[in-house]
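Okay, structure first, notes after.
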Number of protein chains: 2
Amino acid sequence: MNTETYCIAGRLRMLARVISGRYNEAFTGEGVTFAQAGLLMHIFAQPGVRQAELSKRLQIEKSAMSRDVQLLQKNGWLTDNIRSGLYLTEEGRLLAKRCHKIWKALNQQVWAELGPDATLGLTVFSDNVITKLIS
Amino acid sequence: MNTETYCIAGRLRMLARVISGRYNEAFTGEGVTFAQAGLLMHIFAQPGVRQAELSKRLQIEKSAMSRDVQLLQKNGWLTDNIRSGLYLTEEGRLLAKRCHKIWKALNQQVWAELGPDATLGLTVFSDNVITKLIS
DNA sequence: TAAAAAAAGTTGCATATACAACTTTAACTC
DNA sequence: GAGTTAAAGTTGTATATGCAACTTTTTTTA
């Protein structure tokens with residue numbers, strides 16, 4: 001039946017590029033990328049979270065996470081004790097809240113644009129990857 | 001019904017990281033990344049293809065494509081007239097063939113590991129993104 | 001066909017990402 | 001509690017990626 005077995009990795013990377021572009025656009029007004037906004041929102045939701053924890057949850061290599069975090073700090077959104085848990089500055093908290101508003105509206109819109117079949121499809125795929133491929 | 005609307009972009013990026021890691025591993029023996037192997041295979045399948053064509057097909061920004069292509073060339077896998085169509089050198093062709101063998105086995109294995117529900121889910125999602133979100 | 005417009009490709013700059021090696025911090029064991 | 005081990009975090013190096021501005025090539029049109 002699977003006569004056409006396209007490249008799973010290639011397809012995922014393409015989809016990530018396309019969707020990331022869409023999300024990045026939405027955050028240009030705030031001067032952040034989607035990746036940065038995402039981290040800010042995670043830290044907002046869980047103040048004091050460790051890099052290692054985010055690293056596992058988001059499946060980002062620890063050295064990449066280290067640099068992402070340093071970038072947030074350089075921009076004044078994190079307090080200076082990043083080795084013992086991540087905390088937003090006041091400016092960081094305000095930005096995180098604005099990002100969340102943007103994110104919520106956009107994510108719902110994309111969800112709606114793609115429709116239930118598509119989003120259910122991604123959910124099923126995602127759940128399978130998480131249970132079968134991530135230790 | 002959609003009580004939990006997770007972040008589509010975040011999830012896709014995570015999945016791309018995880019699956020890319022898996023594919024990258026498979027190509028370390030050949031000294032190429034999955035991204036490079038993928039380009040080589042595309043060019044092998046369509047000698048003379050233009051950067052702009054690959055750029056559209058893979059949804060990679062043209063400047064990124066330009067650099068990816070230059071890297072392949074620097075490694076001796078592309079002939080020197082990259083501005084008028086991409087052609088593999090003999091070494092490039094041999095490498096592309098080896099990569100295809102690796103890719104085919106791995107892609108089938110991942111397809112099998114994830115199972116039909118998952119892969120169908122990705123297909124449905126992917127088709128929807130392509131028809132609804134890509135101009 | 002020459003000029004103008006559009007498309008293709010490149011380069012400067014910046015972020016996102018990974019692997020390997022290293023340093024620092026935390027935990028465990030005796 | 002000192003020493004060892006493990007976990008966390010950082011830095012060097014390299015690829016992958018995007019945006020903006022620029023150059024080159026191709027196509028259109030007058």
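Chain A is the first sequence line, chain B the second, and so forth, proteins listed ahead of strands; every chain is numbered from 1.
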Legend entry - Length of the CD-C1' vector between A:Gln73 and D:dT11, whole Å: 16 Å
Inset, instruction - Verify whether one side chain among A:Tyr6 and B:Asn107 offers a donor that lies under 3.5 Å from an acceptor in the other. - result: no
Legend entry - Residue B:Lys56, side-chain heavy atoms: nucleotide from C:dA8, C:dT17, D:dA16 that is nearest: C:dA8
Legend entry - Length of the line joining A:Gln59:CD and C:dT17:C1', which is rounded to integer Å: 13 Å
Legend entry - Among C:dG9, C:dA26, D:dA16, the nucleotide that comes nearest once only the side chain of B:Arg83 is considered: C:dG9
Legend entry - Short side-chain to backbone donor-acceptor contact, B:Arg17 and A:Gln59, under 3.5 Å: yes
Inset, instruction - Nearest whole angstrom, please: distance from the P of C:dG9 to the CD of B:Glu53. - result: 11 Å
Legend entry - Nearest-0.5 Å distance, NZ of residue B:Lys101 to CZ of residue B:Arg98: 10.0 Å
Inset, instruction - Remember a base hit wins even if backbone is also touched, and classify B:Glu61 as base, sugar-phosphate or nothing at under 4.0 Å, heavy atoms. - result: base
Inset, instruction - Fit a plane to each ring of B:Phe34 and B:Tyr23, take the angle between them on a 0 to 90° scale, and name the class: parallel (under 30°), tilted (30 to 60°) or perpendicular (over 60°). - result: perpendicular
Legend entry - Reference residue A:Glu53; test side-chain hydrogen bond (donor to acceptor under 3.5 Å, both in side chains); the match among A:Lys56, A:Arg50, A:Arg57: A:Arg57
Legend entry - Distance-only donor-acceptor test, B:Arg67 side-chain atoms vs C:dG9 base atoms, 3.5 Å: no
Legend entry - Candidate nucleotides C:dT17, D:dG18, D:dA16, ranked by approach to the side chain of B:Ser63 - the nearest: D:dG18
Inset, instruction - Determine: side-chain N/O of B:Ser66 to OP1/OP2 of C:dG9, distance under 4.0 Å, yes or no. - result: no
Inset, instruction - Step through the shown structure and confirm whether more than 12 heavy atoms of other residues, nucleotides or ligands are within 6.0 Å of NZ on B:Lys104. - result: no
Inset, instruction - Identify which nucleotide among C:dT11, D:dG9, D:dG18 has an atom closest to any side-chain atom of B:Ala64, counting heavy atoms from C-beta outward. - result: D:dG18
Legend entry - Rounded distance in Å - NZ (B:Lys62) to P (D:dT25): 15 Å
Legend entry - Contact residues, residues 8-45 of chain B to DNA chain D [heavy atom, < 4.0 Å]: B:Thr33, B:Ala35, B:Gln36
Legend entry - Residue mapping more 5' on DNA chain D - nearest nucleotide basis, B:Arg50 or A:Gln70: A:Gln70
Inset, instruction - Measure from CG on A:Leu71 to C1' on D:dT11 and round the result to the nearest Å. - result: 16 Å
Inset, instruction - Would you tell me whether B:Ser63 and B:Glu61 have side-chain atoms, one donor and one acceptor, within less than 3.5 Å of each other? - result: yes
Legend entry - A:Ile60 CD1 to C:dC19 P, straight-line distance once rounded to whole Å: 13 Å
